[in-house]
Protein chains: 2
Amino acid sequence: MNIQTRSGIKGDTPAESSATQKAYHELRRMLLTGEFLPGEKLKIDRLRTALDIGSSPVREALSLLTSDHLVERIDQRGFRASTASNENFLEILTLRCALEEMALRQSIANYSEAWEDSVVLAHHRMARESRDHVEAFEAAHKHFHMTLLAGCSLPILLKFCSQLYDLNIRYRYLAGRSLNYQKRDIAQEHAGILDAAIRRDADLAAERLQNHYRLTGAFLDGFLSSMTTPPQGRRAGA
Amino acid sequence: MNIQTRSGIKGDTPAESSATQKAYHELRRMLLTGEFLPGEKLKIDRLRTALDIGSSPVREALSLLTSDHLVERIDQRGFRASTASNENFLEILTLRCALEEMALRQSIANYSEAWEDSVVLAHHRMARESRDHVEAFEAAHKHFHMTLLAGCSLPILLKFCSQLYDLNIRYRYLAGRSLNYQKRDIAQEHAGILDAAIRRDADLAAERLQNHYRLTGAFLDGFLSSMTTPPQGRRAGA
DNA sequence: AAATGCAAAAAAATCGATATTCATGACTCC
DNA sequence: GGAGTCATGAATATCGATTTTTTTGCATTT
């Protein structure tokens with residue numbers, strides 16, 4: 001059975017080779033978009049059925065997500081979606097500002113034409129997507145920000161930034177995409193960062209990047225007071 | 001069979017409850033102490049036999065170690081010990097300096113008597129161990145450094161610092177503990193950091209911490225030129 | 001009536017077997 | 001004679017069943 005293991009038919013994500021990969025990406029998406037509540041128990045058997053794969057890949061995927069801080073592993077009591085709290089959110093914001101500033105400054109210091117090209121391209125693609133689906137825009141948005149940092153040539157730092165970015169995204173979904181952060185002129189903020197970066201003005205670029213984050217942070221902060229970590233993440237209905 | 005699953009008899013490490021935990025800690029120890037060469041293939045079956053457990057816990061442990069940057073997962077070709085390079089080492093050093101400075105400053109800003117007590121205690125225990133086993137000293141050394149940072153109340157940052165600390169340890173073992181970094185007066189460096197910290201002189205503490213790291217870094221740098229990542233981590237004999 | 005201990009049920013963890021995938025080397029075709 | 005192709009062997013990845021652990025509900029005792 002399980003013939004579509006080697007699907008490749010509807011390759012939205014590039015060639016989901018292994019079952020573990022499939023489980024990882026799908027669970028990650030579900031966690032980021034808030035399909036699991038913070039602290040919610042992640043029962044192996046439910047997921048196994050829902051994803052139509054064995055328990056081993058599920059467990060492996062959850063183990064991988066643990067290191068991304070999206071899932072918590074409880075000694076011999078399985079897994080649950082990471083809890084959420086205002087403190088956690090503020091820490092993510094703080095670390096993002098600090099680490100991304102470091103990476104951005106290094107990127108600018110390492111300036112190359114290839115990097116400039118890639119950043120401009122990423123910015124353009126993001127601008128194009130924004131009119132269409134929110135899903136695609138989010139992907140392009142992350143890509144733009146990561147491209148800005150990618151010139152730093154510090155792989156571990158980049159991984160940290162990527163993880164923090166995702167954690168932040170999760171909060172945005174948890175707070176509800178409803179709060180239209182499109183009210184602010186996001187596009188102009190992005191353009192400003194891009195402009196400072198390719199003009200190699202590190203101070204200005206860093207400042208604009210931080211403002212970009214802090215504004216979003218201020219938007220979300222407060223919305224989260226209602227959802228401080230519940231003592232037991234037991235969900236009501238099935 | 002496998003009766004000693006629930007051992008608990010010789011609880012060196014506090015109660016190795018699950019097989020996954022056992023595998024994780026043992027593999028982690030082996031990776032940190034250089035029992036696996038950088039890039040070396042980690043065959044499931046070998047490990048399964050060596051650790052006397054099934055393949056599932058081994059795979060799960062390796063998945064967890066992947067997120068600690070100690071193991072690399074290759075698409076459908078299993079796992080291998082992380083490669084090592086001078087660039088990687090220098091990145092670790094750079095990030096350690098930056099992140100630990102941030103954490104230390106925050107710890108000092110959050111000063112409390114409880115924190116002061118814990119730091120003094122950790123320092124004393126480290127000093128006591130140093131005469132005895134190297135193994136125990138390493139543990140106490142890490143504990144001292146992490147205690148210094150623990151007051152910052154930023155769990156994610158602490159986890160990053162802990163990971164980076166371990167990665168650095170690995171390089172120390174890879175370069176051979178032979179290079180007696182005891183030549184320097186490590187003890188005095190530690191005392192200096194402790195002193196500045198409990199006197200709440202953030203600038204001085206940060207400076208001393210960075211010197212502490214950079215000196216060790218300078219020691220190791222160069223020793224590593226001979227071991228830049230091999231293209232294929234194939235080990236010779238069994 | 002509350003607390004404690006016990007038993008049944010649920011869930012997690014682990015195992016061993018099977019199916020896939022990848023690597024190696026011989027063989028054929030050009 | 002060299003390059004490409006197919007068969008063989010090794011290793012990984014996955015599955016489904018079994019074992020272990022935790023949780024829940026109930027009966028008993030104080």
Side-chain angles (χ1 to χ4, degrees), chain A residues 1-9 15-27 36 39-66 71-81 231-236 238, chain B residues 1-9 11 14-27 36 39-66 71-81 231-236 238:
Chain A
M1 56 203 73
N2 218 16
I3 301 153
Q4 89 284 26
T5 299
R6 200 77 177 93
S7 72
I9 300 166
E16 302 273 312
S17 44
S18 64
T20 299
Q21 289 286 316
K22 176 188 164 191
Y24 175 77
H25 286 297
E26 180 62 8
L27 289 174
F36 296 119
E40 180 177 348
K41 190 101 189 16
L42 301 175
K43 295 186 191 171
I44 303 291
D45 214 56
R46 269 172 58 104
L47 302 178
R48 200 194 62 69
T49 312
L51 299 175
D52 189 34
I53 52 180
S55 50
S56 309
V58 170
R59 292 184 62 82
E60 234 175 285
L62 288 172
S63 294
L64 291 171
L65 289 164
T66 296
V71 166
E72 287 168 11
R73 184 193 195 98
I74 322 170
D75 187 47
Q76 215 129 357
R77 243 154 294 178
F79 302 85
R80 66 176 185 180
Q232 282 288 23
R234 190 65 55 84
R235 184 140 88 163
Chain B
M1 55 209 71
N2 217 15
I3 301 155
Q4 88 285 24
T5 300
R6 198 74 177 97
S7 71
I9 300 167
E16 301 274 310
S17 43
S18 64
T20 299
Q21 289 286 317
K22 176 187 163 192
Y24 174 76
H25 286 297
E26 179 62 9
L27 289 174
F36 296 119
E40 180 178 347
K41 190 100 187 20
L42 300 175
K43 296 187 191 171
I44 304 291
D45 213 55
R46 267 173 59 102
L47 302 179
R48 201 195 61 68
T49 312
L51 299 175
D52 189 34
I53 51 179
S55 49
S56 309
V58 170
R59 292 184 62 82
E60 232 175 289
L62 289 172
S63 295
L64 290 171
L65 289 163
T66 296
V71 166
E72 287 168 11
R73 185 193 194 97
I74 324 170
D75 189 46
Q76 215 128 359
R77 242 154 296 178
F79 302 85
R80 64 175 184 181
Q232 283 289 24
R234 190 64 54 84
R235 183 140 88 163

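Given the structure is predicted, the values throughout are model-derived calculations rather than measurements.
- Between the C1' atom of D/dT23 and the CD1 atom of A/I74 lies a distance of 13 Å, rounded to the nearest Å.
- Atom-to-atom, CZ of A/F79 to C1' of C/dA11 comes out at 13 Å; the value is rounded to the nearest Å.
- With DNA chain D read from its 5' end, the first of the two nearest nucleotides for A/E60 and A/D75 is the one closest to A/E60.
- A/D75 and B/S18 are not linked by any side-chain donor-acceptor pair at a separation below 3.5 angstrom, with hydrogens and angles left out of the test.
- The two residues B/D45 and B/T49 come nearest to each other via the heavy atoms O-OG1, 2.8 Å.
- Defining each end axis of the helix from C/dA1-D/dT30 to C/dC30-D/dG1 as the rotation carrying four pairs' C1' atoms onto the next four, with five pairs an end, the two axes are found to diverge by 10° to 10 degrees.
- Taking atom CG on A/L62 and atom P on C/dA11, their separation rounds to 16 Å, with Å as the unit.
- Distance from the side chain of B/K43 is smallest to D/dT12 among D/dT12, D/dC15, D/dT14.
- Checking the phosphate oxygens (OP1, OP2) of C/dA12, a side-chain nitrogen or oxygen of A/K41 falls inside 4.0 Å.
- Following rounding to the nearest Å, B/R46 (CZ) and D/dA11 (P) show an atom-to-atom distance of 10 Å.
- The pair A/E40-A/R80 does not meet the salt-bridge criterion, since no charged nitrogen lies less than 4.0 angstrom from a carboxylate oxygen.
- A side-chain donor-acceptor contact under 3.5 Å links A/S63 and A/R73.
- At whole-Å resolution of the value, CZ in A/R77 and C1' in C/dA10 are 14 Å apart.
- What you find for B/S17 and A/Q76 is that their closest heavy atoms are CB-OE1, 3.6 Å.
- Considering OG1 of B/T20 and CG of B/L62, their distance stands at 10.5 Å, rounded to 0.5 Å.
- In this structure, of C/dA12, C/dG16, D/dT12, it is C/dG16 that holds the atom nearest to the side chain of B/S55.
- The interatomic distance linking B/Y24 (OH) with C/dA13 (C1') rounds to 18 Å, in whole Å.
- Rounded to an integer number of Å, the gap from A/R59 CZ to D/dG16 C1' is 15 Å.
- Straight-line distance from the CG atom of A/L51 to the P atom of D/dT14: 13 Å, rounded to whole Å.
- Put simply, A/T20 has a side-chain N or O that comes within less than 4.0 Å of OP1 or OP2 on D/dT14.
- Between atom NZ of residue B/K41 and atom CZ of residue B/F79 there is a gap of 9.0 Å, rounded to the nearest 0.5 Å.
- Comparing D/dT22, D/dT14, C/dC15 by their nearest atom to the side chain of A/Q76 picks out D/dT22.
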